[in-house]
Number of protein chains: 2
Amino acid sequence: MANRRASITDLAKTLGLSPSTISRALSDHDDVSEATKARVRQLAEELHYQPNQLAAALRRGRSNTLGVLVPHITGHFFPQVVHGIATEAAKLGFNVMICQSNEDSRQEQKNIDLLMNSQVEGILVSLANTTHSFGHFEAVRQQNIPLVFFDRVVEDFSGSNVSAVMIDDYQGAYQVVTHLIEQGCTRIAHFTGPLHLNIHKNRHQGYRDALQAHGLPIDDELIMFCEMSQKGGTAAMRQLLKLPQRPDAVFSSNDLAAIGAIQAVKSARLRVPKDIAVVGFSNEMFTMLTEPMLSSVDQRCEQMGKTAVQLLQKMLKSGPNRQGPPKPIVLKPKLLVRESSQKR
Amino acid sequence: MANRRASITDLAKTLGLSPSTISRALSDHDDVSEATKARVRQLAEELHYQPNQLAAALRRGRSNTLGVLVPHITGHFFPQVVHGIATEAAKLGFNVMICQSNEDSRQEQKNIDLLMNSQVEGILVSLANTTHSFGHFEAVRQQNIPLVFFDRVVEDFSGSNVSAVMIDDYQGAYQVVTHLIEQGCTRIAHFTGPLHLNIHKNRHQGYRDALQAHGLPIDDELIMFCEMSQKGGTAAMRQLLKLPQRPDAVFSSNDLAAIGAIQAVKSARLRVPKDIAVVGFSNEMFTMLTEPMLSSVDQRCEQMGKTAVQLLQKMLKSGPNRQGPPKPIVLKPKLLVRESSQKR
DNA sequence: CTACTAGCCGCAAACGAATCCGGGCCGCTG
DNA sequence: CAGCGGCCCGGATTCGTTTGCGGCTAGTAG
């Protein structure tokens with residue numbers, strides 16, 4: 001009962017060797033003859049020997065573990081990113097330790113400490129939206145633990161072992177609006193959330209710039225600051241429909257509000273996309289399920305996770321002594337044109 | 001640069017004490033005077049001392065870490081459960097290490113080994129659907145590491161430190177069908193996936209038993225074995241609509257196929273729920289977004305994760321020597337009646 | 001026959017913290 | 001004054017691995 005698992009010294013004793021030799025044999029070191037290696041390997045097999053990672057990590061100072069800190073593991077985006085992270089990390093031989101900040105800055109801080117105590121080799125973070133000071137990342141930087149921010153990054157926090165990966169929201173929005181213009185739309189409305197959030201700010205800017213670049217006017221009454229929910233979208237759309245000259249397209253800063261807009265359009269006996277084209281942002285799962293199917297912008301969530309891990313790995317391999325911090329990576333979003341915006 | 005973090009011996013030296021005393025002081029041991037405790041705590045604060053969890057874990061044989069192994073972190077269900085697990089684990093002071101099996105039995109096995117090498121104190125597993133032999137869990141059982149299966153469990157694998165938590169699919173289905181009957185439906189169709197999967201088997205059985213319990217006949221032509229996707233649902237529904245006597249309700253074993261069914265009904269110029277009521281299963285996020293909103297069964301994903309951790313904790317605390325293995329926990333699902341099945 | 005090299009292997013010291021087993025020192029009691 | 005018992009503390013060991021260094025043996029060259 002309660003069978004303690006075989007340790008390296010157990011192997012040593014039963015084979016009449018020293019622990020060092022066992023260790024070297026198992027790691028295929030040159031200083032051990034093939035004969036003994038074979039014996040060791042066979043016994044290890046028989047006893048189902050598995051090295052104690054804790055001990056190894058302690059000795060080597062490397063734990064083979066990455067820490068991940070996200071606001072939460074719900075919704076669409078974060079699970080996808082985490083999936084990308086976990087997959088890539090597994091491929092590179094890392095374990096993954098996961099924490100949630102619950103959008104709370106203090107929990108974020110605690111979790112950062114926790115991860116550092118666990119001797120993780122690198123940390124991947126997406127900030128809680130209540131985080132405004134970054135003292136807790138100072139310790140990470142000081143100890144030269146590679147740190148990668150993803151999606152929700154802190155802009156003015158750099159260091160030789162700090163980097164970031166995010167998506168080009170501006171570019172995504174620009175593509176959307178350009179696409180709508182190509183479909184013949186000229187009065188394109190925009191739903192946006194509060195502009196102090198990066199994502200909305202950048203998408204909003206992309207919207208404006210795309211309009212200008214194509215010589216279209218920017219009409220402030222077409223820009224709706226609304227709650228980015230289904231209801232919010234419906235309400236905003238209703239308001240737009242009351243305008244003397246109604247819009248012929250809507251670019252919503254997220255998919256949920258876009259769905260709301262579609263429903264409002266439909267219940268006003270108008271057609272999507274014929275009368276009003278609609279495009280969302282994020283490529284949520286349900287965009288494929290609506291009628292019409294919603295055009296959206298894919299955020300490459302999984303790719304983001306994968307890239308973040310690769311970036312971390314690069315820092316890990318090159319060490320902190322390189323020329324300048326690694327450049328942040330900006331992923332190109334991908335416009336997915338579906339029924340809701342295809343006038344043809 | 002590369003500031004090694006303060007260790008317990010560093011504290012000892014600068015205070016002129018021994019490491020043992022520091023250790024005891026920090027863990028508030030009786031053998032240390034309040035005065036020294038205060039000094040130690042203060043210095044620890046100043047140096048931002050954080051204990052090295054690896055070392056402590058190695059020494060104590062307890063890592064404060066739980067291992068989680070899921071098929072993948074995508075879709076709706078698993079992220080939710082993982083969220084529940086992570087949240088509850090954090091509350092109980094555990095770290096969480098996450099792996100994905102990618103529905104591959106061999107990876108599952110590798111990851112189980114990995115988790116055990118990482119000296120996790122307990123393991124939470126949802127099986128890969130390709131897993132048919134369970135040898136890799138044998139080692140877990142032998143070492144008396146608490147093991148909790150959730151959702152996808154292995155039925156005939158018990159032990160003093162093995163348990164499971166799952167949802168009562170049968171009960172959920174029974175509730176759905178009863179609800180439909182109460183709405184006045186008498187010809188209730190059923191979409192199901194392959195019956196060798198527990199979830200479908202149990203939901204199917206719930207369907208049959210509910211019908212019988214209310215004195216309704218079971219009509220095999222109303223039971224559709226179809227691909228449980230949107231397309232599959234649409235196709236199945238089309239077929240049903242061709243019947244001489246078409247159904248007046250559909251209970252689909254998942255939400256996606258239910259959505260497909262609704263679309264088929266609508267494009268046949270029939271009304272949901274007036275002509276045909278539809279109920280899905282899983283309470284996916286998009287059930288709130290369809291028109292009409294889809295009735296479904298909530299699987300209590302988060303609760304499942306939470307419960308699983310609590311179960312593990314209980315095993316951990318009581319030790320392996322108790323009377324019999326802990327009883328598996330079966331969660332009650334919750335029927336959510338929305339527009340798609342409310343005839344009133 | 002000596003010397004040197006290569007091939008294998010063991011010794012011992014780490015890594016950082018927890019703990020068993022004491023050991024001083026002080027004060028109290030008989 | 002001897003003895004005893006608390007109170008605080010330190011030394012040494014332990015967890016399981018890794019690793020620098022040195023040692024032993026056999027074989028080969030000089």
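FYI, side chains are in, hydrogens and waters are out, and symmetry mates aren't considered; it's all heavy atoms of this structure. Within every chain, numbering begins at 1; the chains are lettered A, B, ... in the order of the sequence lines, protein sequences first and strands thereafter.
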With a cut-off of 3.5 Å and sequence neighbours excluded, list every side-chain donor-acceptor pair involving residues 53-69 of chain B.
residue	atom	partner	partner atom	Å
B:Ser63	OG	B:Thr65	N	3.3
B:Ser63	OG	B:Gln119	O	2.5
B:Thr65	OG1	B:Ser63	O	3.1

*Does any pair with a residue in residues 141-161 of chain B pass ring-ring contact (aromatic ring centres under 6.0 Å, His included), and if so which ones, sequence neighbours excluded?*
B:Phe137-B:Phe149
_Spacing of B:Leu54 atom CG relative to D:dC15 atom P, expressed in whole Å_ = 18 Å
*Contacts of type salt bridge (charged side-chain N to carboxylate O under 4.0 Å, His left out), residue A:Glu46, not counting sequence neighbours*: none
_Between the first and last five pairs of the helix from C:dC1-D:dG30 to C:dG30-D:dC1, the angle of the axes, rounded to 10 degrees_ = 70°
*What is the distance, rounded to the nearest whole Å, between atom CG of A:Asp10 and atom C1' of D:dC15?*
13 Å
*Compare side-chain N and O positions of A:Ser23 against OP1 and OP2 of D:dT17 and report whether any pair is under 4.0 Å apart.*
no
_Taking ring pair (Phe, Tyr, Trp, His ring centres under 6.0 Å) as the definition, give me every residue that meets it alongside A:His72, ordered by chain and number, with sequence neighbours left out._
A:Phe78
*Which is it for B:Ser105 and B:His136 under the side chain to side chain contact (heavy atoms under 4.5 Å, CB included) test, yes or no, and what are the steps along the way?*
CA-CA 10 Å; B:Ser105 190; B:His136 43 305; 4.3 Å; yes
*Sequence neighbours excluded, which residues qualify as side-chain hydrogen bond (donor to acceptor under 3.5 Å, both in side chains) partners of A:Ser23?*
none
_Could you work out, with side-chain hydrogen bond (donor to acceptor under 3.5 Å, both in side chains) as the rule, every residue matching B:Arg141, not counting sequence neighbours?_
B:Glu138
_Separation of atom CG in B:Leu11 from atom P in C:dA17, rounded to whole Å_ = 8 Å
Which protein N or O atoms sit under 3.5 Å from an N or O of nucleotides 25-28 of chain C?
none

*Please state how far atom CG in B:Leu26 lies from atom P in C:dT19, giving the value in whole angstrom units.*
13 Å
*Salt bridge present between B:Arg39 and B:Glu34 (N-O < 4.0 angstrom)*: no
*asked:* Applying side-chain hydrogen bond (donor to acceptor under 3.5 Å, both in side chains), can you list everything that pairs with A:Ser158, at least two apart in sequence or on another chain?
replied: none
*Whole angstrom is fine here: how far is it from CG in B:Asn64 over to P in C:dA18?*
11 Å
Side-chain atoms of residues 302-311 of chain B: list all donor-acceptor pairs with protein atoms under 3.5 Å, sequence neighbours left out, distances to 0.1 Å.
residue	atom	partner	partner atom	Å
B:Gln303	NE2	B:Thr307	OG1	3.1
B:Thr307	OG1	B:Gln303	O	2.7
B:Gln310	NE2	B:Glu88	OE2	3.2

*Any side-chain N or O of B:Tyr49 under 4.0 Å from OP1/OP2 of C:dG16?*
no
_Summary of ring-ring contact (aromatic ring centres under 6.0 Å, His included) pairs that have at least one residue in residues 28-62 of chain A, sequence neighbours excluded_ = none
*Within this structure, what is the CD-to-C1' distance between A:Gln119 and D:dT17, rounded to whole angstrom?*
15 Å
*Nearest whole angstrom, please: distance from the P of D:dT17 to the CG of A:Asn52.*
6 Å
*Between A:Arg60 (CZ) and C:dA13 (C1'), how many Å, whole number?*
18 Å
*Mark up nucleotides 4-13 of chain D, 5' to 3', with B wherever a protein heavy atom is under 4.0 angstrom from a base atom, S wherever such an atom reaches only the sugar-phosphate, and - elsewhere.*
----BBBBB-
